[in-house]
Amino acid sequence: MCAAVMFSAITVYAQSNKTILVEAESFADHGGWVLDQQFMDQMGSPFLMAHGLGQPVKDASTQVEIKKKGLWHVYARTWNWCAPWKTKEKPGRFKISVNGETLSNELGLGDRWGWEYAGSVEIKDKTVSLSLHDLTGFNGRCDAILLTMDKEMKTPDSEPELSQFRKKALGYPDKPADGGTYDLVVVGAGTAGLSAAIKAAREGLKVALVHDRPVPGGNNSVEVKIVASGELGMAPYPRLGDVIKEIKNVYAHPAKVDKMIADEKNLSFFPNQHVCSLVMNGDKIASAVATNIENGREMVFHGQLFIDCTGDGNVGYLAGAEYRVGREMRAESRETLAPDRPDNIVLGTSLTWRSKEEKQPVAFPELEWAIQFNDESCEKVFNGCNWWETGFRYDQVNEAEYIRDYLLRAIYGNWAFLKNKSQFVNEYTNRRLESIFYIAGKRESRRLMGDIMLKQQDTEGDYIKYNDAFVTCTYNLDQHFPTPKNSFFFPGEEFISTMKHYFNDLGTPRRYLRDDQVIPPYRIPYRCLYSKNIDNLFMAGRNISVSHIVLSSCRVQGTTGMMGELVAIAAALCKKHDCSPREVYQKHLPELADKIK
């Protein structure tokens with residue numbers, strides 16, 4: 001494996017003798033705070049979050065060098081994450097300590113991301129220690145700390161001024177560091193991206209795998225733990241699925257996956273790198289610029305070909321690729337399951353959570369700021385998985401923080417009611433809320449358009465409808481809707497889903513019938529896996545060129561892994577024949593088919 005370029009986690013520079021900016025994510029010791037980068041395209045940066053499940057977490061801390069002694073004023077960029085719901089209580093409060101002295105003002109109070117005044121402190125030493133002190137354990141968040149001797153200093157609060165201020169204050173160069181030149185740049189290391197990168201490296205391509213979390217796997221990682229579904233290696237293309245078969249479930253075999261990546265001499269893995277911009281050459285991507293989520297430094301990756309495995313279609317969006325969001329109407333798609341009118345409704349986002357039985361009673365506070373329940377509206381459960389789902393009617397990209405936080409309010413509120421007020425209190429007395437995964441498990445957002453958009457009718461009856469139909473999908477059409485009970489008590493703001501399955505029959509192919517609701521396995525064409533208007537862009541995962549209805553089936557991770565392998569082979573053919581992804585279909589399709597038989 002080629003060595004990835006790494007930077008120090010401590011990146012603190014003074015803009016002048018009177019101003020110091022410290023990015024919270026660059027703290028030397030995160031303590032019990034976790035690094036959350038999921039919303040940096042919307043709010044400007046990763047941040048640290050006190051995800052303590054109601055117990056204040058250990059302080060995050062770092063040290064900075066200071067050039068001038070005297071009275072310094074301290075600000076934090078933060079907000080009250082429950083502000084959208086206008087709650088009286090502010091659950092994410094914290095304070096800042098300087099050289100062990102806790103400043104007077106509580107933080108996490110504003111109604112949007114912005115700078116809040118922590119207080120002032122007399123600094124007499126050259127080296128200064130800073131700490132974030134959590135007060136609640138309920139997801140307080142800090143983006144950055146600003147120290148200034150000018151209390152009236154105007155703090156930048158919006159893009160692009162904020163981004164420019166960060167770079168100048170931290171002393172970053174105008175140009176990003178060179179991350180190298182590659183045959184193929186894969187963005188996103190979920191099952192689709194992992195499979196694509198490993199397969200392409202084995203096909204002889206020089207590959208960069210760029211991922212915005214510290215661990216690979218995406219929804220199948222140790223941070224989300226969604227089990228991979230979908231049959232692999234099915235006839236007549238049994239070689240599709242070879243890599244995913246080796247991986248199995250990423251979260252169950254993290255050391256094995258790390259070794260697979262390290263063993264590929266043609267593959268360079270760049271974790272903690274969020275692609276934030278592109279350099280275009282006409283209708284081709286020339287390079288991708290990524291920001292390190294721990295220190296804010298930028299790196300550029302040059303490539304001949306790119307694969308968007310981000311789930312949200314971020315690379316395609318930045319490149320200007322055609323995309324869709326939401327449900328097509330029946331009159332356009334001719335799908336029997338499509339709605340009468342088009343809308344932006346999508347499959348939702350989930351958080352998995354668990355509780356544990358202890359030997360002694362475990363207290364949990366009542367929470368005014370969380371969703372409120374009664375014995376009729378509550379969910380009497382000890383654990384929650386993919387059915388805790390919300391955001392059906394929201395923008396899964398631009399409103400992602402709202403969606404994730406709403407689900408946190410639902411989980412916390414339900415647990416608080418079960419523990420304190422429900423008729424089931426005795427069953428929950430000794431139970432402790434053990435974990436909530438704060439990384440959101442998304443199902444649907446942008447779908448990038450290819451030369452074909454696969455529709456429901458393409459999955460029915462004789463499913464071999466296209467000469468490039470290679471990726472076999474065995475998971476049933478799986479439409480998600482809010483449960484009627486949840487809709488009754490929380491209309492328009494549901495967080496519990498019902499899955500309506502239209503089952504596959506792995507035996508004799510049968511047509512879809514409304515009575516028995518059966519569809520056969522079907523195959524996804526290669527032409528769904530490259531962009532129709534960006535000449536060197538593939539896609540694999542839940543962002544491919546299918547309708548909303550078909551996405552409900554082909555989004556599962558075994559299937560997306562096979563997509564990744566197919567486009568990796570196609571990328572190798574692009575290099576071999578000096579051609580575009582589209583020309584692989586037009587001129588080299590038999591060769592592509594032969595490689596997966």
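Since this is a predicted model, take the numbers as computed values, not measurements.
- Inter-residue side-chain proximity for Ser45 and Leu162 is flagged as unmet; no heavy-atom pair is nearer than 4.5 Å.
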Problem set entry | ring-ring contact (aromatic ring centres under 6.0 Å, His included) between Tyr402 and Phe39, worked out | CA-CA 10 Å; Tyr402 176 97; Phe39 322 115; over 10 Å; no
For this session: Test Asp36 against Gln38 for side chain to side chain donor-acceptor pair (under 3.5 Å), laying out the working first.
Result: CA-CA 6 Å; Asp36 194 343; Gln38 297 173 91; 2.9 Å; yes
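- Judged purely by atom type and a 3.5 angstrom limit, His211 uses its side chain to pair as donor or acceptor with the backbone of Ala189.
- A donor-acceptor contact shorter than 3.5 Å is absent between the side chain of Asn249 and the backbone of Ala252.
- Taken to the nearest 0.5 Å, the CZ atom of Phe437 stands 11.0 Å off from the CD1 atom of Ile411.
- Seen from the ring of Phe364, Lys419 does not count as a face-on cation partner, given the 6.0 Å and 45° thresholds.
- Screening residues 482-494 for salt bridge (charged side-chain N to carboxylate O under 4.0 Å, His left out), with sequence neighbours left out, gives Glu379-Lys485, Arg393-Glu494.
- Residue pairs meeting the salt bridge (charged side-chain N to carboxylate O under 4.0 Å, His left out) criterion with at least one member in residues 39-61: none, sequence neighbours excluded.
- For residues 131-144, the salt bridge (charged side-chain N to carboxylate O under 4.0 Å, His left out) pairs, not counting sequence neighbours, are Arg77-Asp143, Arg141-Glu401, Arg141-Asp405, Asp143-Arg166.
- Taking the salt bridge (charged side-chain N to carboxylate O under 4.0 Å, His left out) definition, one finds that Glu434 meets it with nothing, sequence neighbours left out.
- Asn486 is linked by a side-chain hydrogen bond (donor to acceptor under 3.5 Å, both in side chains) to nothing, counting only residues two or more places apart in sequence or in another chain.
- Residues Asp150 and Lys18 form no side-chain contact, since every pair of their non-hydrogen atoms from C-beta on lies 4.5 Å or further apart.
- Evaluated for a side-chain hydrogen bond (donor to acceptor under 3.5 Å, both in side chains) with Asp478, the options Lys500, Arg555, Arg443 yield exactly one hit, Arg555.
- Proximity of a side-chain donor or acceptor of Trp33 to a complementary backbone N or O of Ser61 within less than 3.5 Å is not detected.
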For this session: Verify side chain to side chain donor-acceptor pair (under 3.5 Å) between Thr127 and Asp125, making sure each step is shown before the conclusion.
Result: CA-CA 6 Å; Thr127 301; Asp125 303 312; over 6 Å; no
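- Side-chain rings of Phe490 and Phe373 approach one another, their centers coming within less than 6.0 Å.
- No side-chain donor-acceptor contact under 3.5 Å links Ser131 to the backbone of His133.
- With contacts defined as side-chain heavy-atom distances shorter than 4.5 Å, the pair Val275/Asn314 does not qualify.
- Considering only heavy atoms from C-beta on, Leu132 comes within 4.5 Å of Ile96 through its side chain.
- Here the side chains of Glu368 and Thr87 are in contact, with some heavy-atom distance below 4.5 Å.
- Just one of Phe495, Trp81, Phe138 meets the side chain to side chain contact (heavy atoms under 4.5 Å, CB included) condition when paired with Arg409; it is Trp81.
- A heavy-atom distance below 4.5 Å is not found between the side chains of Ile371 and Asn414.
- In this structure a side-chain-to-backbone donor-acceptor pair under 3.5 Å is present from Asn383 to Ser355.
- Within 6.0 Å of the CZ atom in Phe392, the count of heavy atoms belonging to other residues, nucleotides or ligands exceeds 12.
- In this structure Lys442 satisfies the side-chain hydrogen bond (donor to acceptor under 3.5 Å, both in side chains) test together with Asp312, sequence neighbours excluded.
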For this session: Check the pair Ser120, Lys151 against side-chain contact (heavy atoms from CB on, under 4.5 Å), reporting the backbone distance first and the verdict last.
Result: CA-CA 9 Å; Ser120 61; Lys151 188 179 180 182; over 6 Å; no
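- For His51, the side-chain contact (heavy atoms from CB on, under 4.5 Å) partners are Val34, Met49, Leu53, Asn139, Leu408, Tyr412, Ile436, Tyr438, not counting sequence neighbours.
- Looking at heavy atoms from C-beta onward, Leu71 lies in side-chain contact with His73 at the 4.5 angstrom threshold.
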For this session: Give the C-alpha distance, both sets of side-chain angles, the deciding distance and a yes or no for side chain to side chain donor-acceptor pair (under 3.5 Å) between Asp395 and Asn344.
Result: CA-CA 8 Å; Asp395 185 329; Asn344 289 326; over 6 Å; no
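- No side-chain donor-acceptor contact under 3.5 Å links Asn220 to the backbone of Thr191.
- In this structure, a donor-acceptor pair under 3.5 Å is present between the side chains of Thr102 and Ser97.
- Taking the side-chain contact (heavy atoms from CB on, under 4.5 Å) definition, one finds that Glu366 meets it with Asn420, Lys421, sequence neighbours left out.
- Listed for the Gln396 side chain is no donor-acceptor partner under 3.5 Å among the backbone atoms of Ser445.
- Taking all atoms of both residues into account, the shortest heavy-atom contact from Ser221 to Val215 is CB-CG2, 4.4 Å.
- Applying the salt bridge (charged side-chain N to carboxylate O under 4.0 Å, His left out) test to every pair with at least one member in residues 82-100, sequence neighbours left out, gives these pairs: Arg93-Glu106.
- When atom types are taken as modelled, the side chain of Thr62 and the backbone of Phe27 share no donor-acceptor pair closer than 3.5 angstrom.
- Every residue was checked against the ring pair (Phe, Tyr, Trp, His ring centres under 6.0 Å) condition with Tyr251, not counting sequence neighbours, and none meets it.
- Take Trp353 and apply the ring pair (Phe, Tyr, Trp, His ring centres under 6.0 Å) test, not counting sequence neighbours, and it matches Trp388, Trp415.
- Scanning for ring pair (Phe, Tyr, Trp, His ring centres under 6.0 Å) contacts around Phe488 gives an empty result, with sequence neighbours left out.
- Within the model, atoms OG1 of Thr136 and CH2 of Trp369 stand 7.5 Å from one another, a figure rounded to the nearest 0.5 Å.
- Annotation: side chain of Leu347 is in contact with side chain of Ser552 (closest heavy-atom distance under 4.5 Å).
- Asn543 places a side-chain N or O within donor-acceptor distance of the main-chain N or O of Asp308, the cut-off being under 3.5 Å.
- Summarising the geometry, atom CZ belonging to Arg297 is positioned 10.5 Å from atom OG belonging to Ser26; distances are rounded to the nearest 0.5 Å.
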For this session: Give the intermediate values and the outcome of side-chain contact (heavy atoms from CB on, under 4.5 Å) for residues Ser487 and Phe481.
Result: CA-CA 10 Å; Ser487 291; Phe481 306 96; over 6 Å; no
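- With rounding to the nearest 0.5 angstrom, the CZ atom of Arg112 is 13.5 Å from the CG atom of Asn80.
- One distance of note links OG of Ser158 with CE of Met43; it measures 13.0 Å at 0.5 Å rounding.
- Panel note: side chain Glu298, backbone Val289; no donor-acceptor pair is recorded below 3.5 Å.
- In summary, the aromatic rings of Tyr406 and Tyr394 are positioned with their centroids too far apart to meet the 6.0 Å limit.
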